[in-house]
Amino acid sequence: MSSYQHVTVPREGERIVIAADGRWQVPDRPIVPYIEGDGTGRDIWRASQIVFDAAVEKAYGGRRQVVWMEIFAGEKATRIYGKDAWLPDETNAIIRDFKIAIKGPLTTPVGGGIRSINVTLRQIHDLYACVRPVRWFEGVPSPVKEPQKLDVVIFRENTEDVYAGIEFKEGTPEARALIEFLGAELHKEIRADSGVGVKPISRTGSQRLVRRAIAYALKHRKPSVTLVHKGNIMKFTEGAFRDWGYELARSEFRDHVVLEAELASGTPPAGKVVVKDRIADSMFQQVLLRPDEYSVLATPNLNGDYLSDACAAQVGGLGLAPGANIGDHAAIFEATWGEAGDAVERALAKTIEQKRVTYGLERTIAAKTVTYDLERQMPGATLLRCSEFGRAIAANM
């Protein structure tokens, strides 16, 4: 085991490793680094740990166990590593060494320095797929008539698009230089008092995201993968995302998929995943009016940000939409409850635990013992703190 400055590696656990063929190899006592989080993150983490430990114990009766190891980011890191150390180098080294981490919500620094710890983590570790499963739990208040019809897994590209952070403030030398270049060399006139940004979308980034989405759909027997884009306007970025997605589907999954345009009728061949696409603004209507026609969505970064929150609103809010940030060499998960997709299965091998967590969550919500975000919408509900909610889920497994 490596030695670190402010983190002690538990002696009783083992590391998760990724084999040469990309498969995750998980020991019976995997060491999982966790970041507690800031503000409410501390209580959320306490609740999450209670649920995770109870699920593993009930599933394996002591034969398997997660060994937790605290690492630091956000406000707590500045108290340990120094006032400007919002995301210490040691934390990133540990994530690289142990391949996985789970975190609570973190404060975004105000002023200079890191713009967003979450975005920085994704970029440093190339966590290119943000995986957001969104489904409804019976008893949760919803603004729509039939929330049970929405059951989607969103694969949002995590490293490109406008989130790449290539932008320049109005009036700066960089902004002026870029505006002048665009005008002089490419004959694209932009007002001199503009802030400017660059929106990169690559074939590599698009296809590895779509590859993961299609592989997920095949493994979990989902009926379709929908490429969501604004390619009717942004033809060479989001339009290219669509084209590259179809190209990947045809070249790598030809025997397992059928393109929507190839269907002579509305019924696809048995066992095949339908690959289709929708314009982003139309997709917002579709998830409201015809949500049961969609199962896996693959999107560029900004579209996925909007859509994942919009879908979460239909099933009760963001607290019911867990997230995973996944790359080929590491994965970081948000400290929320519920199923977190194929990556959690591969990283923690916890399909049995997932079912227990889901069952406990369903029973706890049905009993109207919930946290503030749901309690204020449910007449007659009992208000619980996050840690109390976690204990209730564990008791109901």
Side-chain angles (χ1 to χ4, degrees), residues 18-25 127-135 149-158 160 201-229 231 238-280 283 286-287 290-300 303-304 307-308 311 324-329 331 339-347 349-351 354:
I18 303 175
D21 62 1
R23 295 186 182 184
W24 292 62
Q25 298 179 345
L127 307 176
Y128 60 85
C130 179
V131 183
R132 296 280 298 273
V134 187
R135 54 156 292 191
K149 288 187 174 181
L150 179 70
D151 186 357
V152 299
V153 180
I154 300 170
F155 281 74
R156 166 193 171 196
E157 203 291 318
N158 230 0
E160 299 188 324
I201 290 183
S202 70
R203 182 191 299 268
T204 298
S206 300
Q207 291 192 334
R208 65 182 182 176
L209 186 278
V210 174
R211 179 182 297 112
R212 189 174 286 274
I214 294 176
Y216 177 93
L218 288 168
K219 179 174 181 178
H220 294 272
R221 299 182 180 179
K222 300 292 185 180
S224 68
V225 173
T226 304
L227 310 174
V228 183
H229 60 93
E238 300 208 10
F241 174 88
R242 169 193 178 276
D243 295 344
W244 292 328
Y246 277 130
E247 179 184 279
L248 183 281
R250 286 190 295 264
S251 64
E252 296 189 17
F253 295 94
R254 182 70 273 188
D255 293 338
H256 304 286
V257 305
V258 59
L259 307 188
E260 186 178 46
E262 298 170 344
L263 290 176
S265 66
T267 304
K272 291 202 173 185
V273 171
V274 178
V275 178
K276 53 191 176 181
D277 75 279
R278 296 292 182 269
I279 300 296
M283 193 69 232
Q286 296 290 299
V287 295
R290 305 167 76 171
D292 49 344
E293 295 182 9
Y294 301 92
S295 52
V296 176
L297 308 180
T299 82
N303 291 335
L307 268 172
S308 56
C311 288
N325 299 286
I326 306 163
D328 294 329
H329 307 290
E339 297 181 335
D342 177 52
V344 174
E345 291 182 21
R346 290 186 291 104
K350 71 187 197 95
T351 306
Q354 283 184 336

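Note that this is a predicted model, so its numbers are computed, not measured.
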dist E293:CD -> Q286:CD (nearest 0.5 Å) comes out at 6.5 Å
Residue pair S202 / W244: nearest heavy atoms and the distance that separates them: C-CZ3, 3.1 Å
Just verifying a value: how many Å separate Q25 CD and I18 CD1, rounded to the nearest 0.5 Å? 9.5 Å
Does the side chain of H229 come within less than 4.5 Å of T299's, by heavy atoms? no
If you compare all heavy atoms of L307 against all heavy atoms of M283, which two are closest, and at what distance to 0.1 Å? CD1-CG, 3.9 Å
P268 and L263: which non-hydrogen atoms are nearest, and at how many Å? CA-CD2, 3.6 Å
Would you list the pairs meeting salt bridge (charged side-chain N to carboxylate O under 4.0 Å, His left out) in which at least one residue belongs to residues 265-280, sequence neighbours left out? R242-D277, E260-R278
What verdict does the side-chain contact (heavy atoms from CB on, under 4.5 Å) test give for Y294 and V287, after you've listed the backbone C-alpha separation in whole Å, the side-chain angles of each residue and the deciding distance to 0.1 Å? CA-CA 8 Å; Y294 301 92; V287 295; 5.5 Å; no
Check: V274 main-chain N/O paired with S224 side-chain donor or acceptor under 3.5 Å: no
Considering all heavy atoms of both residues, which atom of F241 and which atom of A298 are nearest to each other, and what is their separation? CE2-O, 3.6 Å
CZ/R254: more than 12 non-hydrogen atoms of other groups inside 6.0 Å: yes
Charged N to carboxylate O below 4.0 Å: is that the case for E160 and R208? no
Evaluate the side-chain proximity of E238 to I201: yes if any heavy-atom separation is below 4.5 Å, no if none is. yes
Any idea which heavy atoms bring L218 and F253 closest together, and the distance? CD1-CD2, 3.6 Å
Could you tell me the separation between the OH atom of Y128 and the CG atom of N325, rounded to the nearest 0.5 Å? 12.5 Å
Hey, could you give me the SG/CG distance between C311 and L150, rounded to the nearest 0.5 Å? 5.0 Å
For the CZ atom of R132 and the OG atom of S308, what is their distance to the nearest 0.5 Å? 4.0 Å
Between D328 and R212, the two heavy atoms sitting closest are OD1-NH2, 3.3 Å
Hey, could you give me the CD1/CG distance between I214 and L209, rounded to the nearest 0.5 Å? 10.5 Å
Whether R203 and D243 form a salt bridge (side-chain N of Lys/Arg under 4.0 Å from carboxylate O of Asp/Glu) is what I want to check. no
